[in-house]
Amino acid sequence: MIVTRFAPSPNGPLHLGHAYSAIVAHDLAAVAGGEFLLRVEDIDAERSRPELAESYRADLAWLGLGWKEVPAQSTRLAQYSAAAERLKAMGLLYPCTCTRAEIALAATQTGPEGPVYPGTCRHNQPDSTTGAAWRLDVRAALALTGPLYWTDMVAGTQRASPETGGDVVLVRKEAPASYHLAATLDDAADGVTLVTRGLDLFSATHIHRLLQGLLDLPVPQWHHHPLLVDESGTKLAKRRGSASLADRRLAGDDGLTLAAEIREGSFPAGIFLQ
Ligand code: GLU
């Protein structure tokens with residue numbers, strides 16, 4: 001059975017780009033008689049506003065989507081810690097106290113997500129840990145797994161190349177997991193078979209595939225969809241573009257009509273799929 005998911009982080013209202021993403025994931029499951037899941041990605045306690053989750057549910061219902069909700073990330077912290085401990089026991093994580101500014105200064109390469117961490121703390125002892133984040137030694141991890149592959153339904157088979165982004169943070173200073181570790185574990189726990197999300201997360205999938213190899217997790221397929229952008233090619237962010245879905249819903253707009261327009265690819269003037 002095909003299982004897809006929509007996994008918003010509750011740090012702002014949903015907008016048109018989210019509606020598009022949710023509809024793509026919902027419809028990919030629906031055409032195959034599969035299941036569409038909602039997961040609230042509230043691992044970032046500082047930025048998360050729990051009250052938004054209720055508004056997200058109302059938005060999805062307004063768009064005419066049905067879903068099954070799976071546990072939010074804040075309820076799964078023990079599982080994340082257990083996985084991190086396993087990776088530490090394998091000797092693949094090291095503590096890092098570098099600040100963003102230090103990394104920007106020391107970096108000599110730019111990867112898909114900005115300055116590539118140059119490995120400054122790679123030889124730190126695992127016991128020098130107070131106030132540290134924990135990074136994955138990506139080269140050591142790849143040496144252990146050997147070459148890995150993953151399949152995007154649109155772009156085809158990819159050889160996993162997580163090394164282009166450098167040693168990513170898996171355990172944050174203030175949380176037991178980063179997005180990469182939490183989302184990978186959640187997709188496995190939720191039985192997701194087709195991870196559907198925007199093209200902006202394409203490079204993250206190389207890391208997720210590596211984590212699946214290290215932690216013996218099932219390997220799903222992926223569908224990275226184009227993003228809704230404005231005239232300057234900028235992704236519709238939470239403060240840009242059209243009104244939030246909640247604003248439109250509360251103003252009495254018809255969500256089913258909006259969903260039909262999205263399915264037809266008809267977007268407001270100045271907003272494009274890219
Ligand atoms: N929580 C992420 C976001 O809101 C999406 C993560 C994913 O789909 O893997 O951007």
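For reference, positions follow the sequence shown, starting with 1. Counting starts at 1 for both ligands and their atoms, following the listed order. As a basis for the values below, the full set of heavy atoms in this structure was taken, side chains included, without hydrogen atoms, waters or symmetry mates.
Considering backbone and side-chain atoms together, Y179 places an N or O closer than 3.5 Å to an N or O of ligand 1. Taking only nitrogen or oxygen atoms, main chain and side chain alike, P8 does not reach within less than 3.5 Å of ligand 1.
Applying the side-chain hydrogen bond (donor to acceptor under 3.5 Å, both in side chains) criterion to S74, with sequence neighbours excluded, gives D42. In terms of the ring-ring contact (aromatic ring centres under 6.0 Å, His included) criterion, F272 has no residue partners (sequence neighbours excluded).
The shortest separation from a heavy atom of R5 to ligand 1 is under 4.0 Å, placing the residue in contact.
Contact atoms of ligand 1 toward S9: 1 (N), 2 (C), 3 (C), 4 (O) (distance under 4.0 Å to a heavy atom of the residue). Distances below 4.0 Å separate heavy atoms of E41 from the following atoms of ligand 1: 1 (N), 2 (C), 5 (C), 6 (C).
The side-chain contact (heavy atoms from CB on, under 4.5 Å) test with F6 is passed by exactly one of L37, V24, L60, T196: L60.
With a 4.5 Å cut-off on side-chain heavy atoms, L87 and L215 count as touching.
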*Under the salt bridge (charged side-chain N to carboxylate O under 4.0 Å, His left out) rule, what do R39 and D190 come out as? Steps first, then yes or no, please.*
CA-CA 9 Å; R39 181 173 71 231; D190 296 336; 3.0 Å; yes
